[in-house]
Chemist: 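I'd like to ask some things about the structure below.
We name chains A, B, ... by the order of the sequence lines, and we start the count at 1 in each one. The structure presented is a predicted model; accordingly, all values stated were derived computationally and were not measured.
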Amino acid sequence: MLKIEQKVPIYRRVKQELNSDEVDEKNNFQKFQAPRGTDNISVEDSKFMRYIRKIFFKLAEERGFEEVFIPAFEDVELFKRSVGEGTDIVEKEMFLLEERKEGQEKKFALRPEATAGICRKYIESGWVNLPQPVKVFFFGEVFRAERPQAGRFRQFYQLDLETLGSKSPVSDVEIIKFAWDFLEKLGLKNLRLEINSIGCPKCRPKYIENLRAHFESYEKSLSEESKARMKKNILRILDSKDEKDIRVANLAPRSTDFLCPECKEHFDSVKNSLKNSNINFEINHKLVRGLDYYTKTTFEIMPYDDFEGPKSSLAGGGRYDNLLEMIGGRSTSAVGMAMGVERIMAELKSQGIEPKFAKKRVYVAFIGKEAESESVKLSATLQSAGFKVLKPSASLGISAQFKEANKLGVEWVVMLGEHEIETNTLILKELKTGVQSVILREKVIEELVSKFQVEDDE
RNA sequence: GUGGUCGUAGCUUAAUUGGCAGAGCAUCGGAUUGUGACUCCGGAGGUUGAGGGUUCAAGCCCCUUCGAUCACCCCA
């Protein structure tokens with residue numbers, strides 16, 4: 001065994017050996033930190049991520065959605081156009097990239113969400129020619145140059161579901177029901193669904209007009225921020241956190257009272273289908289979207305606490321009948337939703353829900369050369385029977401092998417030695433209880449299957 | 001972008017008025033080459049986030065910066 005003498009940390013040794021004047025310490029010895037708001041998933045969290053993704057993929061595929069891959073960055077104009085005026089998202093909250101080529105200036109932005117990229121792909125790849133509607137899902141990281149706070153990061157994961165090319169309220173309900181069922185399948189309790197309809201370009205102007213008249217008549221009672229919102233983005237006053245604003249907003253006219261016949265029928269149909277699906281919902285008249293391309297249905301799902309009321313939302317979505325046209329496609333109706341994966345993870349933890357994976361893991365221990373080659377055969381047999389087989393990571397003594405099995409959290413250990421080979425048996429030990437038994441080699445699969453009360457992992 | 005609080009080993013943290021950076025857990029090795037956890041013994045692990053200043057002396061005081069956290073702005 002090599003013994004390494006390293007009493008002095010490497011950076012100090014180098015520093016001592018070199019003349020410190022010759023060393024640019026900053027460049028050679030800098031300790032790195034993760035960029036702000038990016039390192040939000042620990043190794044322990046990875047099993048939550050895998051659990052969430054597994055259930056999402058399974059449900060999406062069951063319900064006829066196809067996975068879609070999109071670039072991590074797109075032309076900044078794509079996002080600009082979809083975001084619209086009256087918000088400082090582009091200037092303040094997107095990561096901008098520049099391509100440096102002589103005489104050219106092309107700007108890109110890291111994707112701040114998935115919808116715009118998916119719509120671009122729909123147009124560019126000619127998905128209009130596929131059977132409509134096109135149903136897709138997405139799971140990946142998105143980027144926002146915000147100051148991090150609770151549940152808000154600069155790089156985080158979103159899962160996303162879109163149905164493109166359908167005007168029907170059936171699609172709205174399909175998306176909402178997916179979001180609801182997905183969160184329930186994860187094991188979350190106390191969920192609350194809120195819906196609203198914000199109309200379309202035909203009926204919304206009349207609503208905005210009435211809303212403006214209302215807020216103008218109460219202007220003195222509004223906060224300073226909301227006075228500014230009157231000009232910039234009046235709908236946002238409705239979800240202000242300021243108590244003065246809340247009082248005025250509660251008296252404000254409701255978008256659902258101004259819906260045109262088409263939008264009203266659509267909203268009624270959504271409500272009826274939800275009732276028929278036995279999904280409870282509340283109508284939240286203040287649930288609006290700040291961006292122009294949203295039409296008709298909006299919804300959010302959040303955990304609800306009997307004492308504290310609704311918590312911040314886990315899922316949000318709605319209909320966007322105007323987006324595809326705004327970014328250069330044919331007029332195409334669409335509806336979708338997105339969830340922040342870290343927020344779901346945080347809620348799972350706060351509700352005490354642990355990710356469940358079937359643990360069909362077996363550690364194969366052996367003593368002696370002969371047993372080693374037998375254990376290779378045995379491992380293969382176990383693997384082909386669907387068990388996850390773990391073997392000693394190095395040539396370890398039997399004591400160390402058990403130690404390792406324990407460290408890995410394996411429940412069952414199979415052990416082979418000279419005695420066992422002679423008698424064609426093996427020892428099967430449950431680590432939790434310490435109980436072990438000698439069984440015939442042929443019976444091992446049968447025995448383990450019964451121990452695990454097999455539950456399908458995939 | 002604005003404001004508050006915070007940063008000591010992988011994790012949780014101690015350090016009196018500015019006076020030798022210490023522990024628990026985890027890790028590694030040994031007691032233990034046919035049995036892990038429990039136990040006992042031992043080792044390793046720290047430029048106190050980074051840079052500068054004040055001081056005989058800085059984890060502690062001051063400035064800058066990076067990061068974390070909370071609220072605001074914003075929320076696709």
Chemist: How about A/F137 and A/F57: are their ring centres within less than 6.0 Å of each other?
Modeler: yes

Chemist: State which of B/G34, B/C73, B/A76 makes the closest approach to the side chain of A/H419.
Modeler: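 Of all the options, the side chain of A/H419 is nearest to B/G34.
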
Chemist: Of the options B/G36, B/G34, B/C74, whose atoms approach the side-chain atoms of A/E418 most closely?
Modeler: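 Taking heavy atoms from C-beta onward, the closest nucleotide is B/G34.
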
Chemist: Please confirm whether the backbone N or O of A/T425 pairs with a side-chain atom of A/H419, one donor and one acceptor, at under 3.5 Å?
Modeler: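 No; zero donor-acceptor contacts below 3.5 Å.
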
Chemist: Any chance the side chains of A/Y363 and A/Q401 put a donor and an acceptor closer than 3.5 Å?
Modeler: no

Chemist: Looking only at side chains, do A/N40 and A/Q155 share a donor and an acceptor under 3.5 Å apart?
Modeler: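 Per modelled atom types, A/N40 and A/Q155 side chains form no pair under 3.5 Å.
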
Chemist: Nucleotides 27-29 of chain B: which of its N/O atoms have a protein N/O under 3.5 Å away?
Modeler:
from: B/C28; atom 1: OP1; to: A/K407; atom 2: NZ; distance (Å): 3.0

Chemist: Evaluate A/F95 against A/F143 for ring-ring contact (aromatic ring centres under 6.0 Å, His included), listing each step before the verdict.
Modeler: CA-CA 7 Å; A/F95 280 105; A/F143 309 87; 7.0 Å; no

Chemist: Considering every strand and a 4.0 Å limit on heavy-atom distances, what is the contact class for A/A150: base, sugar-phosphate, or nothing?
Modeler: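 It contacts sugar-phosphate atoms only.
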
Chemist: I'd like to know if A/R192 pairs up with A/E300 as an ion pair, taking the criterion as any Lys NZ or Arg NE/NH1/NH2 lying under 4.0 Å from an Asp or Glu carboxylate oxygen.
Modeler: no

Chemist: Using the P atom as the reference point in each nucleotide, state the distance between B/C63 and B/G46 in Å, no decimals.
Modeler: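 It works out to 31 Å between them.
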
Chemist: Taking A/K80 first and then A/E77, would you say they form a salt bridge - that is, a charged N and a carboxylate O separated by under 4.0 Å?
Modeler: yes

Chemist: Looking across every strand, which nucleic acid part, if any, lies under 4.0 Å from A/R154 by heavy atom: base, sugar-phosphate, or nothing?
Modeler: nothing

Chemist: Identify, between A/V435 and A/D39, the residue whose nearest nucleotide on RNA chain B lies closer to the 5' end.
Modeler: A/V435

Chemist: Expressed as a whole number of Å, how far does the P atom of B/A15 sit from that of B/C66?
Modeler: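 The answer is 30 Å between these two P atoms.
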
Chemist: If each of A/Q33 and A/D242 is mapped to the nucleotide of RNA chain B with the nearest heavy atom, which maps nearer the 5' terminus, i.e. the 5' end?
Modeler: A/Q33

Chemist: Using the side-chain heavy atoms of A/R236, tell me which of these nucleotides is nearest: B/A37, B/C75, B/C74.
Modeler: B/C75

Chemist: CD of A/E243 versus P of B/C72: gap in Å, rounded?
Modeler: 13 Å

Chemist: Expressed in whole Å, how much space separates the C1' atoms belonging to B/U2 and B/U27?
Modeler: 44 Å

Chemist: In whole angstrom, what separates A/F95's CZ from B/A76's P?
Modeler: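 After rounding, the reported distance stands at 18 Å.
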
Chemist: Tell me what A/G434 touches on the nucleic acid: a base, only sugar-phosphate, or nothing, going by heavy atoms under 4.0 Å.
Modeler: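 Base contact.
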
Chemist: Which nucleotide, B/A37, B/C74, B/A76, lies nearest any side-chain atom of A/K241?
Modeler: B/C74

Chemist: Would you classify A/Q401 as touching base, sugar-phosphate or nothing, given that sugar-phosphate means primed atoms plus P, OP1 and OP2, and contacts are heavy atoms under 4.0 Å?
Modeler: nothing

Chemist: Closest approach to the side chain of A/Y294, judged atom by atom: which nucleotide of B/A76, B/G67, B/U32 is it?
Modeler: B/A76

Chemist: Under 4.0 Å, heavy atom to any atom of RNA chain B: which of residues 335-346 of chain A qualify?
Modeler: none

Chemist: Expressed as a whole number of Å, how far does the P atom of B/C60 sit from that of B/G7?
Modeler: 11 Å

Chemist: Within the structure shown, what part of the strands sits under 4.0 Å from A/E224 by heavy-atom distance: base, sugar-phosphate, or nothing?
Modeler: nothing

Chemist: Let me know the distance between CD of A/E146 and C1' of B/C72, rounded to the nearest Å.
Modeler: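 Result: 13 Å.
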
Chemist: Side chain of A/R152 only, heavy atoms from C-beta on: which candidate in B/C74, B/A76, B/G34 is closest?
Modeler: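 So the side chain of A/R152 is nearest to B/C74.
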
Chemist: Is any NZ, NE, NH1 or NH2 atom of the basic residue among A/E411 and A/K451 found under 4.0 Å from an Asp or Glu carboxylate oxygen of the other?
Modeler: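 Looking at A/E411 and A/K451, the cut-off is not met.
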
Chemist: Using a heavy-atom cut-off of 4.0 Å across all strands, would you classify A/I398 as base, sugar-phosphate, or nothing?
Modeler: sugar-phosphate

Chemist: Measuring only the C1' atom in each nucleotide, how far is B/A26 from B/G34? A whole number of Å is fine.
Modeler: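 After rounding to an integer number of Å, I get 29 Å for this pair.
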
Chemist: Can you confirm whether the side chains of A/K286 and A/N196 place a donor and an acceptor under 3.5 Å from each other?
Modeler: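 Checked: A/K286/A/N196 side chains show no N/O donor-acceptor pair below 3.5 Å.
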
Chemist: Select base, sugar-phosphate, or nothing to describe what A/A116 touches, counting heavy atoms under 4.0 Å on all strands.
Modeler: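 A/A116: no heavy atom of the nucleic acid under 4.0 Å.
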
Chemist: Checking salt bridge (Lys or Arg N to Asp or Glu O under 4.0 Å) for the pair A/R229/A/D239: CA distance, chi angles, key distance, verdict?
Modeler: CA-CA 11 Å; A/R229 288 186 185 112; A/D239 49 26; over 6 Å; no

Chemist: Measure from CG on A/L426 to C1' on B/G34 and round the result to the nearest Å.
Modeler: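 These atoms are roughly 15 Å apart.
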
Chemist: Of the options B/G34, B/G36, B/C72, whose atoms approach the side-chain atoms of A/K429 most closely?
Modeler: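 Closest of the options to the side chain of A/K429: B/G36.
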
Chemist: Quick one: the dot-bracket string of RNA chain B, using Watson-Crick and G-U wobble pairs with both distances under 3.5 Å, [ ] for crossing pairs and | for bases paired to another strand.
Modeler: (((((((..((((.....[..)))).(((((.......))))).....(((((..]....))))))))))))....

Chemist: Touch check for A/Q436, heavy atoms < 4.0 angstrom, all strands: base, sugar-phosphate only, or nothing?
Modeler: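 Base: the residue A/Q436, judged by heavy atoms under 4.0 Å, touches a nucleobase.
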
Chemist: For B/U32, does either OP1 or OP2 sit under 4.0 Å from a side-chain N or O belonging to A/S399?
Modeler: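 Checking A/S399 against B/U32: no side-chain N or O falls below 4.0 Å of OP1 or OP2.
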
Chemist: Should A/R229 be listed as having a side-chain N or O under 4.0 Å from OP1 or OP2 of B/C73?
Modeler: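 Looking at the OP1 and OP2 atoms of B/C73, one of them is under 4.0 Å from a side-chain N or O of A/R229.
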
Chemist: Give me the distance, rounded to whole Å, that separates B/G18 from B/U39 when you measure between the C1' atoms they each carry.
Modeler: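 So the two C1' atoms sit 43 Å from each other.
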
Chemist: Determine whether a donor-acceptor pair (one donor, one acceptor, N or O, separation below 3.5 Å) exists between the side chain of A/E93 and the base of B/G1.
Modeler: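 Counting by modelled atom types and ignoring angles, no donor-acceptor contact under 3.5 Å is found here.
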
Chemist: For A/K349, is there an ion pair with A/D45 - N to carboxylate O distance below 4.0 angstrom?
Modeler: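 Looking at A/K349 together with A/D45, the answer is yes, because their closest N to O distance falls below 4.0 Å.
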
Chemist: If you measure only the distance, is there a donor-acceptor pair under 3.5 Å linking the side chains of A/E162 and A/Y320?
Modeler: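 A/Y320 and A/E162 do have a side-chain donor-acceptor pair below 3.5 Å.
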
Chemist: Quick one about A/S240 and A/E225 (side-chain donor to acceptor, distance below 3.5 Å, no hydrogens or angles considered), yes or no?
Modeler: no

Chemist: So, do A/V136 and A/W127 sit near enough that their side-chain heavy atoms are less than 4.5 Å apart?
Modeler: yes

Chemist: Taking 4.0 Å as the cut-off, does a side-chain nitrogen or oxygen of A/R36 come that near to OP1 or OP2 on B/G67?
Modeler: yes

Chemist: Please report the distance separating the C1' of B/A37 from the corresponding atom of B/C70, rounded so that it comes out in whole Å.
Modeler: 41 Å

Chemist: Can you tell me how far P in B/A14 sits from the matching atom in B/A9, rounded to whole Å?
Modeler: 12 Å

Chemist: Hey, does the side-chain of A/R144 have a donor or acceptor N/O within less than 3.5 Å of a partner on the base of B/C74?
Modeler: no

Chemist: In Å and rounded to the nearest 0.5 Å, what is the CG to CZ distance from A/L314 to A/F182?
Modeler: 10.0 Å

